[in-house]
Amino acid sequence: MEVADASGAYDREVKAPLYARHGVQEVWVVDLAEGRVHRFLDPSPGGYREHHVLGPEDALSPRAFPELLVPVASLL
């Protein structure tokens, strides 16, 4: 999980692809400035194949702990 105040674009465009190349299965970028969470899944050498943008009204579950439901609003 990355928490970004002013570095959201850098975290999504530079860091997330690096994580994907190294096989990190899931990355959440909590963008405080946007009030959203960017969720990246399915890593490949070229980056993540899935990118979902979630707002404060949404919730998500980490793939490693699917029984855990995290409200996005609690991360912002």
Side-chain angles (χ1 to χ4, degrees):
M1 180 183 300
E2 292 282 342
V3 178
D5 188 11
S7 63
Y10 181 80
D11 292 342
R12 289 188 308 274
E13 297 166 14
V14 176
K15 285 183 166 181
L18 287 172
Y19 292 145
R21 279 194 292 261
H22 291 280
V24 176
Q25 294 299 305
E26 180 173 7
V27 172
W28 297 0
V29 176
V30 180
D31 193 323
L32 300 175
E34 280 188 357
R36 297 174 186 228
V37 172
H38 294 261
R39 183 183 191 194
F40 297 91
L41 301 165
D42 197 11
S44 75
Y48 285 96
R49 293 183 185 104
E50 290 185 46
H51 174 203
H52 306 277
V53 181
L54 300 107
E57 67 283 353
D58 296 314
L60 66 162
S61 296
R63 283 208 169 156
F65 302 100
E67 69 282 352
L68 178 65
L69 187 64
V70 180
V72 169
S74 71
L75 301 173
L76 301 172

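In the hydrophobic cluster analysis, where Ile, Leu, Val, Met, Phe, Trp and Tyr join through side-chain heavy atoms closer than 4.5 angstrom, Leu60 is grouped together with Val3. Clustering ILVMFWY residues whenever any of their side-chain heavy atoms sit less than 4.5 angstrom apart, transitively, puts Leu76 in the very cluster that holds Trp28. Using a 4.5 Å cut-off between side-chain heavy atoms of Ile, Leu, Val, Met, Phe, Trp and Tyr, with links allowed through other members, Leu69 and Phe65 fall into different hydrophobic clusters. When hydrophobic clusters are built by joining Ile, Leu, Val, Met, Phe, Trp and Tyr residues whose side-chain heavy atoms come closer than 4.5 Å, directly or via intermediates, Val70 is grouped together with Met1.
For Asp58 (side chain) and Gly55 (main-chain N/O), a donor-acceptor pair under 3.5 Å exists by modelled atom type. Between the side chain of Ser74 and the backbone N or O of Pro71, at least one donor-acceptor pair lies under 3.5 Å. Here the side chain of Ser61 pairs a donor or acceptor atom with the backbone of Leu68 at under 3.5 angstrom.
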Exercise. Please lay out, stage by stage, how Gln25 and Arg63 fare under the test side-chain contact (heavy atoms from CB on, under 4.5 Å).
Key: CA-CA 8 Å; Gln25 294 299 305; Arg63 283 208 169 156; 5.9 Å; no

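Considering only heavy atoms from C-beta on, Tyr48 comes within 4.5 Å of Val24 through its side chain.
Ring geometry, Phe40 versus His51: the interplanar angle falls under 30°, so the pair is classed parallel (tilted spans 30 to 60°).
Considering every non-hydrogen atom in both Gly35 and Pro56, the closest pair reads O-CD, 3.5 Å. Residues Ser7 and Ala4 approach most closely at OG-CB, 3.6 Å, considering heavy atoms. Taking every heavy atom of both residues into account, Glu26 and Ala64 meet most closely at OE1-N, 4.4 Å.
Note that CD of Glu13 is 9.5 Å distant from NE2 of His38, once rounded to the nearest 0.5 Å.
The environment of Arg12 atom CZ is dense: over 12 non-hydrogen atoms of other residues, nucleotides or ligands sit within 6.0 angstrom.
Among the candidates Val30, Leu32, Leu54, the single residue satisfying the side-chain contact (heavy atoms from CB on, under 4.5 Å) test with Leu75 is Val30.
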